[in-house]
Participant: 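Next up is a structure, given as structure tokens.
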Amino acid sequence: MPDQPSMADQPSVPVYFVSDSTGISAESMGSALLLQFPSIPFERHRVPFLRTLEEAERVLAMLDAAADGSAPPIVFLTAVDEAVRAVLLRTRATVVDFVSGPLAQLEAQLGVSGDHAPARLHGVGDMGRYNRRMQAVEFTIEHDDGQSVRALEKADVILIAPSRCGKTPTSMYLALLHGLFVANYPLVDEDFEDGRLPGAIAELSDRCFGLETSAQRLSEVRGERRANSRYASLEQTRWELEGARRLYRRYAIDSIDSSATSVEEMSTRILQSLATRRPRS
């Protein structure tokens, strides 16, 4: 079997996330599919707020011009207006339409025609859920990296780990996407020496979830901030990570290695862990 060309040898494939709203939905779903092709370089473009036929014609011309390039483009489309979608589907580019097929299936199953309104696909929708997510984001920002212990008992989950293991991005993802009240708390030398959780969270171990990584990766990340420091040394990162694992074992805290795991996958694992725990009284 011939060797596959390296990414450096391949022209980037243009990818367009085209939407009648922000384009976040198209980009999220399209990116999930593109992850299945790690050897191919992609050049990403978001085309949001496409609402009129005139705008659709201009985007059609842009896509067809891109189709004449060395790498044919791919289009991920979330436009619910049928007329706008019909224009875009005339392109010579490959289109993955996230709306027409699924929407038609739902209409057939439910026996009711959908509104075909852009705001329905991308808007706030459930105000209760939206407000919960905004409150969760506020809580999570306040409780980032142990900055505050106020109302810590309201946390749905407390992420713990040595510094620079990925607590903050994972916390924000859980808050924004899933509406969880997340605190994250750093583990420091004193915790590893004592072999106990920090006092502020000592009684909340049932809400804790641990993150870890490889000593080499942690050293590299810390080195970007404090090069040639004890904080970034391999000896220090090995010691801290082993101390963290001892704490996780002692308190029966689930954990995950963030070194080769995406934020999305870590968040899913955390949600699965929370689902198996007993509801709080």
Side-chain angles (χ1 to χ4, degrees), residues 4-127 129-131 133-134 137 169 172-173 175-178 262-264:
Q4 292 186 342
S6 68
M7 291 183 68
D9 298 328
Q10 298 184 67
S12 295
V13 176
V15 176
Y16 294 86
F17 304 101
V18 182
S19 172
D20 50 21
S21 188
T22 63
I24 292 174
S25 297
E27 188 166 6
S28 297
M29 294 185 289
S31 294
L33 295 176
L34 296 180
L35 284 173
Q36 304 303 314
F37 306 94
S39 64
I40 299 177
F42 295 105
E43 177 187 306
R44 299 161 189 258
H45 309 271
R46 191 190 297 178
V47 184
F49 303 114
L50 187 63
R51 299 287 178 85
T52 68
L53 293 179
E54 291 77 11
E55 292 169 340
E57 291 287 355
R58 286 197 292 271
V59 172
L60 172 65
M62 177 185 69
L63 295 175
D64 282 347
D68 292 328
S70 57
I74 298 170
V75 181
F76 293 104
L77 178 62
T78 55
V80 296
D81 183 279
E82 292 184 0
V84 167
R85 197 166 63 247
V87 170
L88 296 171
L89 291 175
R90 288 171 15 216
T91 180
R92 290 183 284 112
T94 297
V95 178
V96 178
D97 185 354
F98 286 122
V99 175
S100 61
L103 186 59
Q105 285 182 293
L106 288 174
E107 288 175 334
Q109 171 68 24
L110 299 174
V112 177
S113 178
D115 285 349
H116 293 254
R120 293 287 187 264
L121 186 62
H122 309 280
V124 171
D126 184 338
M127 281 301 300
R129 183 171 181 270
Y130 177 81
N131 289 333
R133 294 201 331 257
M134 294 305 100
V137 168
M172 291 305 301
Y173 186 90
L176 185 58
L177 270 293
H178 299 284
S262 67
V263 170
E264 294 87 348

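Here the structure is a predicted model, which means the values were calculated and not measured.
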Participant: Which heavy atom in P41 sits nearest to a heavy atom in P11, and how many Å separate them?
Facilitator: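 Nearest heavy atoms, P41 then P11: CG-O, 4.0 Å.
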
Participant: Enter the distance from R44:CZ to I74:CD1 here, rounded to the nearest 0.5 Å.
Facilitator: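 Here the rounded value is 10.0 Å.
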
Participant: Is any NZ, NE, NH1 or NH2 atom of the basic residue among R90 and D64 found under 4.0 Å from an Asp or Glu carboxylate oxygen of the other?
Facilitator: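 D64 and R90: not salt-bridged.
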
Participant: Might you work through the side-chain contact (heavy atoms from CB on, under 4.5 Å) test for M29 and T78, ending with a clear yes or no?
Facilitator: CA-CA 10 Å; M29 294 185 289; T78 55; 3.8 Å; yes

Participant: Would you check if L33 and F76 make a side-chain contact, meaning some heavy-atom pair closer than 4.5 Å?
Facilitator: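 Yes - at least one pair of side-chain heavy atoms lies under 4.5 Å apart.
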
Participant: So, taking the atom named OG in S12 and the one named CZ in F42, what distance separates them when rounded to the nearest 0.5 Å?
Facilitator: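 Answer rounded to 0.5 Å: 9.5 Å.
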
Participant: Are D20 and V84 close enough that some pair of their side-chain heavy atoms sits under 4.5 Å apart?
Facilitator: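 When only atoms from C-beta onward are counted, V84 and D20 do not touch, as no gap falls below 4.5 Å.
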
Participant: Would you say L60 and E57 make side-chain contact, with heavy atoms under 4.5 Å?
Facilitator: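 Side chain of L60 against side chain of E57, heavy atoms only: contact under 4.5 Å found.
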
Participant: Sort out for me which residue in D97, V95, L50 forms a side-chain contact (heavy atoms from CB on, under 4.5 Å) with L88.
Facilitator: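 Among D97, V95, L50, the one that satisfies the side-chain contact (heavy atoms from CB on, under 4.5 Å) with L88 is L50.
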
Participant: Within this structure, what is the OG-CZ distance for the pair S28 and F98, rounded to the nearest 0.5 Å?
Facilitator: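 If we round to the nearest 0.5 Å, S28:OG and F98:CZ are 9.5 Å apart.
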
Participant: Heavy atoms only: give me the nearest R85-L77 pair and the separation to one decimal.
Facilitator: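 Looking at all heavy atoms of both residues, the closest pair is CG-CD2, 3.6 Å.
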
Participant: Are the side chains of M62 and V47 in touch, meaning some heavy atoms are under 4.5 Å apart?
Facilitator: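 Sidechains of V47 and M62: in contact.
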
Participant: For the atom pair CG (L176) and CE (M134), what is the distance rounded to the nearest 0.5 Å?
Facilitator: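 Between atom CG of L176 and atom CE of M134 there are 5.5 Å.
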
Participant: Which atom names give the shortest non-hydrogen contact between A66 and P73, and what distance separates them?
Facilitator: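 Taking every non-hydrogen atom into account, O-CD, 3.7 Å.
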
Participant: Could you check if a side-chain atom of E27 sits within less than 4.5 angstrom of a side-chain atom of T22, using non-hydrogen atoms only?
Facilitator: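 The answer is no; the side chains never approach within 4.5 Å.
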
